[in-house]
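See structure below.
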Amino acid sequence: MRSLACPSRDEARDYLAAAVEPYIHTGLSKGYAATGAELDSVVALYDVYDAGSGAPAEPLEGAGLTVEFRSAIHSGYDFTQAGRKLAALRANLMAGVELCPICGIAPPRELDHHLPRSTYHALAVYPRNLVPLCHDCNQSKSKSVADDPAERFFHPYLEELPNVPFLRATIIIHEGGLVADFDIDPNAAIDAIVRARLAYVIERLKLNERYAREINIYLTSQVTAIRMSFEWAGPNGVRDYLLAQADVESARFHLNHWQPVLLRSLAENVDFCGGAFAHVLPA
């Protein structure tokens with residue numbers, strides 16, 4: 001779980017105007033001839049959205065806009081697909097985001113409406129309400145917003161996650177198998193509500209189940225280095241290698257990415273470093 005650079009909103013009004021621009025499709029009139037004042041009223045909602053860090057609020061539902069205008073904005077999101085007139089909006093948001101900011105497993109392939117389009121029509125093409133996620137996270141994330149603040153997803157653009165270690169992995173080695181259980185460290189220097197929200201994300205998106213499918217594949221890439229470290233310097237060599245590699249991966253991804261968290265936990269596991277790795281990793 002990580003924050004992302006907040007996108008510029010310099011072109012937000014232009015995107016909005018293009019999304020609702022009237023056109024003819026199969027002989028039928030589509031879109032909406034919005035006035036400058038109507039466009040400005042939506043931009044004013046963008047201001048409210050930013051001021052509240054993307055938290056749900058009744059004014060953001062756009063009740064003051066006409067039904068036709070809200071509907072046109074909602075439908076206008078479809079123009080963000082490849083080859084359509086708002087494709088640049090999607091491309092700009094996806095650019096430079098290597099991995100899904102929630103799970104850190106797969107590249108983002110979809111845009112998630114942080115506040116769901118089904119309720120917040122007016123925010124359907126607002127760049128800061130569109131977050132690049134992988135398919136699994138986007139599908140698992142609820143299409144509604146929880147009333148309980150402890151069950152709300154962090155806003156990757158408008159909320160800064162604590163820059164302290166908060167994700168931990170508990171390692172269990174048993175009968176030739178390795179299991180890593182990820183949770184939020186109860187001793188992490190974070191607020192209780194932040195801890196609750198992070199824990200909710202892990203549970204809601206079934207991240208432990210998804211990480212379990214990745215761990216063996218990932219550790220296979222480390223086998224040779226781990227074995228050579230053990231041959232050269234024994235358990236301390238393995239520990240030093242795992243910690244050094246964790247630093248490399250923290251710099252590449254972020255402090256609470258699951259891979260460096262896993263490596264640091266393995267480095268602290270006496271059995272793993274002492275040779276148990278040979279029983280749980282491929283020969």
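Along the sequence shown, residues are numbered consecutively beginning with 1. FYI, side chains are in, hydrogens and waters are out, and symmetry mates aren't considered; it's all heavy atoms of this structure.
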Set out, in order, the CA-CA distance, both residues' side-chain angles and the distance that settles salt bridge (Lys or Arg N to Asp or Glu O under 4.0 Å) for Arg197 and Glu159, then state yes or no. CA-CA 12 Å; Arg197 292 175 70 187; Glu159 293 185 272; 3.0 Å; yes
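- For the pair Gln245/Gln259, no side-chain contact is recorded, criterion being any heavy-atom separation below 4.5 Å from C-beta on.
- For the atom pair OH of Tyr211 and OH of Tyr218, the computed distance is 13.0 Å after rounding to the nearest 0.5 Å.
- Here the straight-line distance linking atom CZ of Arg70 with atom NE2 of His121 works out to 7.0 Å at 0.5 Å rounding.
- Closest approach of Met94 and Pro108 over heavy atoms only: SD-O, 3.9 Å.
- Listed by first then second residue, pairs satisfying side-chain hydrogen bond (donor to acceptor under 3.5 Å, both in side chains) with a partner in residues 272-283 number zero, not counting sequence neighbours.
- For CG of Asp147, the number of neighbouring non-hydrogen atoms (other residues, nucleotides, ligands) closer than 6.0 Å is 12 at most.
- A donor-acceptor contact closer than 3.5 angstrom links the side chains of Tyr77 and Arg90.
- Note on Arg9 versus Asp50: salt bridge recorded, some NZ/NE/NH1/NH2 to OD/OE distance being below 4.0 Å.
- Within the 4.5 Å cutoff, the side chain of Arg204 has heavy atoms near those of the Phe153 side chain.
- Side-chain contact between Gln222 and Leu242: absent, with no pair of heavy atoms (C-beta onward) separated by less than 4.5 Å.
- Within the 3.5 Å criterion, the main-chain N or O of Leu130 finds a donor-acceptor partner in the side chain of Tyr157.
- Using a cut-off of 4.0 Å between Lys/Arg side-chain N and Asp/Glu carboxylate O, Lys85 and Glu21 are scored as salt-bridged.
- In Asn163, the CG atom is not crowded: 12 or fewer heavy atoms of neighbouring residues, nucleotides or ligands sit closer than 6.0 Å.
- A 4.5 Å side-chain heavy-atom check between Pro132 and Leu4 finds at least one atom pair inside the cut-off.
- Both Ile171 and Val223 sit in one connected hydrophobic cluster of ILVMFWY residues. Membership requires side-chain heavy atoms under 4.5 Å apart, directly or through other members.
- Side-chain rings of His155 and Tyr49 approach one another, their centers coming within less than 6.0 Å.
- Within the 4.5 Å cutoff, side-chain heavy atoms of Leu167 are placed close to those of Ile202.
- Across all their heavy atoms, Phe182 and Ala169 have their closest contact at CE2-CB, 3.7 Å.
- For the atom pair CG (Asn138) and CG (Asp136), the distance works out to 10.0 Å, reported to the nearest 0.5 Å.
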Given the rule in the salt bridge (Lys or Arg N to Asp or Glu O under 4.0 Å) test, do Glu98 and Arg252 qualify, once you have shown the distances and angles that lead to the verdict? CA-CA 10 Å; Glu98 182 180 357; Arg252 180 188 176 193; 2.9 Å; yes
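- Closest approach of Leu263 to Ala246, counting heavy atoms only: CD1-N, 3.7 Å.
- Ion pair Asp185/Arg195 not flagged as a salt bridge, since none of the NZ, NE, NH1 or NH2 atoms sits closer than 4.0 Å to an Asp/Glu carboxylate oxygen.
- Scored by the salt bridge (Lys or Arg N to Asp or Glu O under 4.0 Å) test, Asp181 finds no partners at all (sequence neighbours excluded).
- Within the 3.5 Å criterion, the main-chain N or O of Asp10 finds a donor-acceptor partner in the side chain of Ser8.
- When the shell of 6.0 Å around CD of Glu203 is examined, it contains 12 or fewer heavy atoms from other residues, nucleotides or ligands.
- Distance CZ/Arg264 to CZ/Arg168: 16.0 Å, rounded to 0.5 Å.
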Give the intermediate values and the outcome of salt bridge (Lys or Arg N to Asp or Glu O under 4.0 Å) for residues Arg239 and Glu268. CA-CA 7 Å; Arg239 183 176 186 275; Glu268 298 304 319; 2.9 Å; yes
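- Under the 3.5 Å distance criterion, the side-chain polar atoms of Glu38 are matched with a main-chain donor or acceptor of Thr35.
- Counting all heavy atoms, side chain and backbone alike, Ser3 lies closest to Glu160 at OG-CA, 3.6 Å.
- Leu99 and Ile215 are not part of a single hydrophobic cluster, where members link through side-chain heavy atoms under 4.5 Å apart.
- Here the closest heavy-atom approach between residue Ala72 and residue Gly31 is recorded as CB-C, 4.1 Å.
- Using a 4.5 Å heavy-atom threshold, the side chains of Tyr120 and Asn129 count as separate.
- Within the 4.5 Å cutoff, the side chain of Tyr126 has no heavy atoms near those of the Tyr15 side chain.
- Residues Phe69 and Val42 form a side-chain contact, since some pair of their non-hydrogen atoms from C-beta on lies under 4.5 Å apart.
- Distance check, rounded to the nearest 0.5 Å: CG of Leu89 to CG of Asp14 gives 11.5 Å.
- Note that CG of Leu178 and CG of Asn216 are 7.5 Å apart. Values are rounded to the nearest 0.5 Å.
- Contact detail for Val238 and Ile226: the closest heavy-atom pair is CG2-O, 3.8 Å.
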